[in-house]
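Below, each value reflects all heavy atoms present in this structure, side chains not excepted, and no hydrogens, waters or symmetry copies. Please read these numbers as outputs of a predicted model, since none were measured by experiment.
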Amino acid sequence: MAYGSRLAATMTRRLGRECVYTPSARLALYLALRRWCRPGARVLMSPVNDDVILFVVLAAGCRPVQAPVSVWDGNIDPAAVPESTWRDVDAVLTTNLYGVPDRVLELRRRCEQLGIPLIEDAAHAIGTHVDGRPIGTFGTAAAFSLSKHVAGMAGGFLAVEDARTRRELELLRDDLLTPRSLRDDLNVTLRPLARSGVRTLHLVRPVWRTMERLGLLERDAFRMDLHARRLTASARSAPSLSAYEPWVRVDLHGFRVRHGALVRGQLTARMAGLDGDLTRRRAGVTLLSGTAWASDALRDRVAHDGPLPLFRVPLLVNGRDALLERMVDHGMVCGYVYDPPLDDYAGAEFVEPSPDPWAARWFASHVLPADPLSARRAIGALTRERAGAARPVRPAPVKDASPPAPLGQ
Ligand SMILES: Cc1ncc(COP(=O)(O)O)c(C=O)c1O
């Protein structure tokens, strides 16, 4: 039996697609990129994304091409992608940021026309549907993350179209897995329990502040250090997961560990609670989307389709950075902030910049990703902090200030 096949079968039943179990969504994305993109391929993606995913794309030997995004949700805006870019990309990678679906019908149409793969990053989007169909079933392949949805410290899937491709990817995966140790497995099994203990005992603030002081957090800012010189050197070995491991493993050091039965058993038990979790998320989304901090776009979507079981609710607030700091004093650590956008973070040596970066910059610097499972607490904290709702206003284009050239030249 293939490694993780029981877990994979559970996901296949949910999704109606063949699934490969992976210890993380990042490994699933790496597999998809290696399978469908040749080295040097240009991959269109949103710059409002986890930096880890940028490094996964680089590790696969691909060139990340940053797309213009919607100012309401940070996902690719297909209509704003220049035709010249469309003609020049070899694959599209979605984000489904915070679980809000990408414009996947339009992206699929484009990809079909161009004959290129559509890879869905559904790490935030288990349970999100478009036109009654689950995200993760529109593209050539889709990656899912269990650490987001069932609060595990491991687990993911790559969903593909047929059993032959699945078997091929299982072999590719097995080559990339590293051996486990009992310590790894205990770490993965016990950490979620410790985390929920901290929350139950209202210790979030002291524990977080202590970790900050002791330098135990892997990032000092929202983005990890780029280490540009080392990154340039690693490019000589791409495609290679090992060469990029220092970047790809951030926040999840066991991302390619072949965990044992203990971890997989715990994930199976947690997956059994997934539907209950999604129901609680919908309830939180209903509450949060009714607040002034939710965008009109989100409110309209909820009114039209009912509440989505979002991973985080993208609230738009003024003074976001200071507010995030103060939220810790209310016992709330809001992660998953992807600021600055990847092109500003990494620069043109490592990514192709977006032709229109304004919306990505605005969204990335104003979004406060609120956990719908703690909706009431988030609303209470934001109310006490008198958080102001932010709305995007695109600045007028700057007119060319240089004096007109004299006639006759
Ligand atoms: C958008 C996105 N995709 C993929 C991943 C990777 O998921 P995992 O931690 O399971 O590798 C993350 C991680 O936070 C993410 O934010």
Side-chain angles (χ1 to χ4, degrees), residues 24-26 48-53 74 97-100 123-124 145-154 187-188 190-225 249-255 270 277 280-281 284-285 287-288 291 293-294 309-340 363-387 390:
S24 62
R26 61 197 77 183
V48 189
N49 199 341
D50 194 337
D51 33 23
V52 163
I53 306 310
L97 189 63
Y98 305 130
V100 177
H124 293 186
S145 170
L146 285 181
S147 44
K148 311 284 172 298
H149 282 276
V150 296
M153 287 300 296
N187 191 16
V188 170
L190 297 177
R191 271 175 71 174
L193 304 178
R195 203 164 49 182
S196 71
V198 163
R199 213 169 285 140
T200 316
L201 297 170
H202 304 292
L203 295 175
V204 171
R205 182 187 138 170
V207 168
W208 184 259
R209 294 286 186 227
T210 306
M211 287 177 75
E212 261 181 335
R213 266 199 298 277
L214 296 178
L216 293 177
L217 303 175
E218 274 193 293
R219 302 160 191 265
D220 292 332
F222 300 132
R223 298 292 191 190
M224 68 178 91
D225 272 348
R249 72 175 181 203
V250 165
D251 301 327
L252 198 66
H253 285 218
F255 78 98
R270 284 176 176 263
D277 177 271
R280 286 191 294 281
R281 286 180 187 278
V285 170
L287 287 176
L288 286 162
T291 66
W293 307 293
L310 297 182
F311 170 56
R312 292 288 183 270
V313 180
L315 302 178
L316 301 174
V317 297
N318 289 318
R320 195 274 319 272
D321 292 2
L323 200 50
L324 282 178
E325 268 295 304
R326 296 201 301 276
M327 293 293 275
V328 177
D329 296 332
H330 295 277
M332 309 199 73
V333 175
C334 304
Y336 305 97
V337 173
Y338 305 132
D339 189 25
F363 180 83
S365 60
H366 289 84
V367 69
L368 185 144
D371 184 351
L373 299 178
S374 309
R376 283 183 201 285
R377 283 184 66 198
I379 293 171
L382 290 169
T383 307
R384 281 196 293 283
E385 291 294 338
R386 298 177 201 279

Lys/Arg-Asp/Glu bridge criterion (N-O < 4.0 Å) met for Asp339, Arg320: yes

Contact check, side chains of Leu316 and Phe363, non-hydrogen atoms, under 4.5 Å: yes

Exercise: identify the closest heavy-atom pair between Arg377 and Gly331: NH2-O, 3.5 Å

Nearest heavy-atom neighbours spanning Gly74 and Leu97: CA-CD2, 4.2 Å

Main-chain N/O of Gly335 paired with Arg312 side-chain donor or acceptor, under 3.5 Å: no

Side chains of Val367 and Tyr98 in contact at under 4.5 Å (non-hydrogen atoms): yes

Distance in Å, Asn318 CG paired with Leu368 CG, rounded so as to fall on 0.5 Å steps: 11.5 Å

Closest approach of Ala370 to Ala378 (non-hydrogen atoms, all atoms of both residues): CB-CB, 4.5 Å

Nearest heavy-atom neighbours spanning Ile379 and Thr383: O-OG1, 2.6 Å

side-chain hydrogen bond (donor to acceptor under 3.5 Å, both in side chains) against Ser145, all qualifying residues, sequence neighbours excluded: Ser147, Lys148

Val100 and Pro314, any side-chain heavy atoms less than 4.5 Å apart: yes

Side-chain heavy atoms of Glu385 within contact of Leu382, under 4.5 Å: no

Exam field: side chain Asp51 to backbone Met224, donor-acceptor pair closer than 3.5 Å: yes

Donor-acceptor contact below 3.5 Å, side chain Arg281 vs main chain Leu373: no

Geometric class of the His124/Tyr338 ring pair [parallel <30°, tilted 30-60°, perpendicular >60°]: parallel

Minimum heavy-atom distance Pro372-Leu288, with the two atoms named: CA-CD1, 3.9 Å

Pairing residues for Arg223 by the side-chain hydrogen bond (donor to acceptor under 3.5 Å, both in side chains) criterion, not counting sequence neighbours: none

From Leu146 atom CG to Met153 atom CE, the distance as rounded to the nearest 0.5 Å: 12.5 Å

Between CE on residue Met332 and CZ on residue Arg326, distance to nearest 0.5 Å: 14.5 Å

Value rounded to 0.5 Å, distance of CG in Leu323 from CH2 in Trp293: 9.0 Å

For Asp225, side chain to side chain contact (heavy atoms under 4.5 Å, CB included) partners two or more places apart: His227

